[in-house]
Amino acid sequence: MAAAGLGVRAAPFTYAAHALAAAAAVMVLVWCTYFRGGLALEAENKNLIFNVHPVLMLIGYIILGSEAIMIYKVFPDWDHDTAKLTHLILHGIATVLGAFGIYCAFKYHNESEIANMYSLHSWLGIGTIVLYAIQWVFGFLTFFFPRAPSSVRRAALPWHALFGLFVYVLALVTAELGFLEKLTFLQSFLDLDKYGAEAFLVNFMALFVVLLGASVVVAAVTPADVDYERKDYDPLPNPEDYRLR
């Protein structure tokens with residue numbers, strides 16, 4: 001999935017994505033610890049249980065998911081098997097963190113006697129984690145173990161990459177809806193200052209996530225800084241076909 005016609009390389013966008021990811025991680029931790037009181041799996045204050053949810057979802061699906069997508073562009077000269085394994089592990093960790101983050105949201109709702117699955121954010125959230133898990137299992141079975149024949153892998157790769165970007169964008173949309181839903185709740189029912197520091201923090205965090213997603217998508221569809229002999233290069237593990245110049 002390379003868009004060489006854009007006339008740019010992936011590297012500047014990966015640098016921007018790293019910076020935005022670091023900033024977003026700091027923001028969500030500041031929000032949930034300083035403004036929202038902290039993190040806990042068991043607490044009298046059930047809001048502390050909920051706070052685990054945005055931290056894990058952002059660090060898991062968004063940040064680690066971003067790094068997994070960009071791994072071939074961040075380290076274009078890595079041995080393919082190493083890059084593929086790193087890609088698989090990062091997505092696997094993201095899946096586990098995301099699943100636990102969703103568990104924390106359900107735990108908070110159940111212990112607070114709040115209804116589950118009533119918003120578009122929750123619907124898309126469940127759909128995203130299911131699709132994310134399906135994508136990971138498909139990638140593991142097709143490209144890692146037991147690994148499909150090369151002709152099948154070659155045919156499946158563009159669809160795997162395209163579907164992966166779709167799920168990633170879906171995760172971004174779900175995160176944005178989550179920020180909006182939580183901030184609207186705080187402003188409507190807890191009288192949070194609409195122009196206060198916390199509101200600005202959440203809005204800027206949501207903006208950084210949008211910019212992060214845009215950087216990752218552009219990096220994913222533009223060439224890396226290493227040229228391969230084959231113009232139709234795709235990341236299949238065949239070193240004899242893909243020698244560096």
Calculate, to the nearest 0.5 Å, the distance between atoms [atom1] and [atom2] belonging to [X] and [Y] respectively.
| X | Y | atom1 | atom2 | value |
| --- | --- | --- | --- | --- |
| E67 | I93 | CD | CD1 | 12.0 Å |
| D191 | K194 | CG | NZ | 8.0 Å |
| W31 | F35 | CH2 | CZ | 11.0 Å |

**OP:** Check step by step if side chain to side chain donor-acceptor pair (under 3.5 Å) holds for E176 and H121.
**Re:** CA-CA 9 Å; E176 295 300 310; H121 169 69; over 6 Å; no
Would you check if [X] and [Y] make a side-chain contact, meaning some heavy-atom pair closer than 4.5 Å?
| X | Y | result |
| --- | --- | --- |
| L192 | E198 | yes |
| I71 | K84 | no |
| L131 | L170 | yes |
| Y61 | L56 | no |
| L186 | R36 | yes |
| R147 | T142 | no |
| F75 | T86 | no |
| L124 | L177 | yes |

Report yes if the distance between the aromatic ring centroids of [X] and [Y] is under 6.0 Å, otherwise no.
| X | Y | answer |
| --- | --- | --- |
| Y103 | F106 | no |
| H53 | Y108 | no |
| Y132 | W136 | no |

**OP:** Identify whether NZ of Lys or CZ of Arg in K107 sits under 6.0 Å from the centre of the six-membered ring of F50 and within 45° of that ring's axis.
**Re:** no
Are [X] and [Y] in one and the same hydrophobic cluster, where Ile, Leu, Val, Met, Phe, Trp and Tyr link if side-chain heavy atoms are under 4.5 Å apart?
| X | Y | value |
| --- | --- | --- |
| F179 | W123 | yes |
| L180 | M117 | no |
| V217 | I62 | yes |
| L85 | V137 | yes |
| L88 | V152 | no |

Original post:
Which of these, L58, I63, L64, V55, sits in a side chain to side chain contact (heavy atoms under 4.5 Å, CB included) with L97?
Top reply: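 When L58, I63, L64, V55 are each tested with L97, the side chain to side chain contact (heavy atoms under 4.5 Å, CB included) holds only for L64.
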Nearest non-hydrogen partners of [X] and [Y], listed with the distance:
| X | Y | result |
| --- | --- | --- |
| L41 | C104 | CD2-SG, 4.0 Å |
| L20 | S215 | CD1-OG, 3.8 Å |
| A17 | V216 | CB-CG2, 4.0 Å |
| G38 | N51 | O-ND2, 2.7 Å |
| I49 | A43 | CD1-N, 4.2 Å |
| A10 | A219 | CB-O, 3.6 Å |

Original post:
Which word best sums up how the rings of Y118 and H109 line up, parallel for under 30°, tilted for 30 to 60°, or perpendicular for over 60°?
Top reply: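 Taking H109 first and then Y118, their aromatic rings lie parallel (interplane angle under 30°).
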**OP:** Measure up the H87 and H160 rings against each other and bin them: parallel (under 30°), tilted (30 to 60°), perpendicular (over 60°).
**Re:**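 Rings of H87 and H160: perpendicular, over 60°.
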**OP:** Using only heavy-atom distances, determine whether the side chains of H91 and Q135 contain a donor-acceptor pair under 3.5 Å.
**Re:**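 Absent: no donor and acceptor within the cut-off.
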**OP:** Would you check if there is a donor-acceptor pair between the side chains of Y168 and S66 at a distance under 3.5 Å?
**Re:** yes
Subject >> Short side-chain to backbone donor-acceptor contact, T184 and E181, under 3.5 Å >> reply: no
**OP:** Using modelled atom types only, decide if a donor and an acceptor are shared between the side chain of K73 and the backbone of A220 within a distance under 3.5 Å.
**Re:** yes
Original post:
What's the verdict on side chain to side chain contact (heavy atoms under 4.5 Å, CB included) for N203 and L207, showing C-alpha distance, side-chain angles and the deciding distance?
Top reply: CA-CA 6 Å; N203 282 327; L207 179 61; over 6 Å; no
Original post:
Stepwise, does the side chain to side chain contact (heavy atoms under 4.5 Å, CB included) test hold for V202 with K182?
Top reply: CA-CA 9 Å; V202 175; K182 185 63 176 180; over 6 Å; no
Original post:
Please walk me through it: do L162 and F166 pass side chain to side chain contact (heavy atoms under 4.5 Å, CB included)?
Top reply: CA-CA 6 Å; L162 180 62; F166 167 73; 5.9 Å; no
Original post:
Any Lys/Arg nitrogen of E113 or K46 sitting under 4.0 Å from an Asp/Glu carboxylate oxygen of the other?
Top reply: no
Subject >> side chain to side chain contact (heavy atoms under 4.5 Å, CB included) between L172 and V210, intermediate numbers included >> reply: CA-CA 7 Å; L172 293 171; V210 170; over 6 Å; no
